[in-house]
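First listed ligand is number 1; within each ligand, the first listed atom is number 1.
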Amino acid sequence: MNPIRPMTRDRLPELLRAMPKAELHIHIEGSLEPELIFALAQRNGIDMAYSSVAELRQAYAFTNLQSFLDIYYAGASVLITEQDFYDMAYAYFVKAAGDNVVHAELFFDPQTHTARGVSIDTVIRGLYRACVDAYAKLGVSGSLIRCFLRHLSEQEAFETLEQALPYRDKIVGIGLDSGEVGNPPEKFARVFARCRELGFHLVAHAGEEGPPAYVWTALDVLKVERIDHGVQSSKDAALMQRLASDRIALTVCPLSNLKLCVFPDLASHNLKQLLDAGLAATVNSDDPAYFGGYMNDNFTQTFAATGLQAQHAYTLARNSFEASFIEASAKRRYIDQLDACFATFA
Ligand code: ADE
Ligand code: ZN
């Protein structure tokens with residue numbers, strides 16, 4: 001049965017909000033809302049460079065990725081205790097549940113915290129406990145992907161990998177994030193090879209601001225299973241073919257791309273072009289506290305601006321489950337829920 005029937009456009013936002021979906025690209029430190037930054041700063045006796053939540057929010061005017069990262073790393077510096085990491089992640093899961101996100105794979109940046117003297121045990125214990133509680137209390141399953149900061153060296157990535165090995169069973173995958181241009185994937189060839197031997201799933205940010213060449217090396221050198229962002233791939237026809245034929249998922253983040261000036265406006269976003277070319281694109285929020293919206297904001301605003309329709313919504317949600325790192329039986333169950341949801345809108 002094809003669950004997708006024609007639908008009036010005015011029911012589309014309702015469908016986008018109601019459909020079950022997975023989030024595969026969320027930096028948990030990027031879910032830290034200004035209110036929580038101030039609350040944690042107070043709890044931990046940290047002086048803030050901003051006098052109010054409103055003043056901090058006003059600083060969220062970015063011109064490119066680096067202008068955002070500077071503020072994002074400063075915001076993360078209020079995270080000190082295991083409870084801080086728990087509170088941040090649980091607050092995200094509450095928002096996710098409200099958006100009918102039924103599964104989320106959370107990126108975290110251990111080096112941002114260990115560089116400030118916070119132990120990796122504190123970070124992972126807090127995040128993992130939030131994942132356990134989110135499943136028990138909200139019915140949202142969550143898993144953790146630890147990222148290497150690509151502006152740091154490969155040697156430092158090896159060191160942080162070593163520190164987290166006792167927590168191997170609590171981490172599903174390895175990612176690569178931070179300033180892209182000038183830090184190509186191949187800089188991390190050996191550490192990714194080691195992570196692969198250790199049995200982790202592999203992903204990397206590539207083609208966010210950087211060129212299609214970075215997407216090629218993420219695939220061919222790092223051997224990643226998904227590309228985070230990847231929107232610059234549309235500049236390279238051979239790469240588009242490769243991504244489509246190998247069913248490599250792209251975790252696209254439209255509001256992030258808008259706020260970081262990757263596209264001048266949402267109407268110019270290439271999500272439809274990627275889907276029309278047969279790529280396994282998904283929609284995600286990246287750093288929702290900084291970019292003006294969580295999952296359903298990304299879906300509703302992008303659909304309104306680009307003219308995407310119900311069949312695209314189905315494809316995007318289905319792709320999110322198929323590209324996730326959950327067991328085949330759970331994927332099947334979520335896709336059945338998705339079909340059931342679409343049937344109610346027929
Ligand atoms: N870290 C947090 N958000 C990021 C993004 N959009 N790109 C690269 N690194 C990030
Ligand atoms: Zn990202």
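- Taking backbone and side-chain atoms together, His229 has no N/O/S atom less than 2.8 Å away from the Zn ion (ligand 2).
- Vertex the Zn ion (ligand 2); arms to His205 NE2 and His25 NE2; angle rounded to 10 degrees, 100°.
- Between the Zn ion (ligand 2) and His27 there is an N/O/S contact shorter than 2.8 Å.
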Walk me through it: do Asn298 and Asn284 pass the test side-chain hydrogen bond (donor to acceptor under 3.5 Å, both in side chains)? CA-CA 7 Å; Asn298 272 274; Asn284 307 271; over 6 Å; no

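- Neither the backbone nor the side chain of Asp228 comes within 4.0 Å of ligand 1, counting heavy atoms alone.
- Heavy atoms of other residues, nucleotides or ligands lying less than 6.0 angstrom from CZ of Arg332 number more than 12.
- Contacts between Leu69 and ligand 1 below 4.0 angstrom, taking non-hydrogen atoms only, involve the side chain exclusively.
- Neither the backbone nor the side chain of Glu29 has any atom closer than 4.0 Å to an atom of ligand 1 (non-hydrogen atoms only).
- Ring geometry, Tyr60 versus Tyr290: the interplanar angle falls from 30° to 60°, so the pair is classed tilted.
- Note on Asp286: counted as a metal contact of the Zn ion (ligand 2), an N/O/S atom lying under 2.8 Å.
- Listed by number with element, the atoms of ligand 1 under 4.0 Å from a non-hydrogen atom of His229 are 6 (N).
- Of all protein heavy atoms, the one closest to atom 3 (N) of ligand 1 is Asp287 OD2, 2.7 Å.
- Judged by distance alone, the side chains of Tyr72 and Asp109 do bring a donor and an acceptor atom under 3.5 Å apart.
- Protein heavy atom at the shortest distance from atom 9 (N) of ligand 1 is Ser178 N, 2.8 Å.
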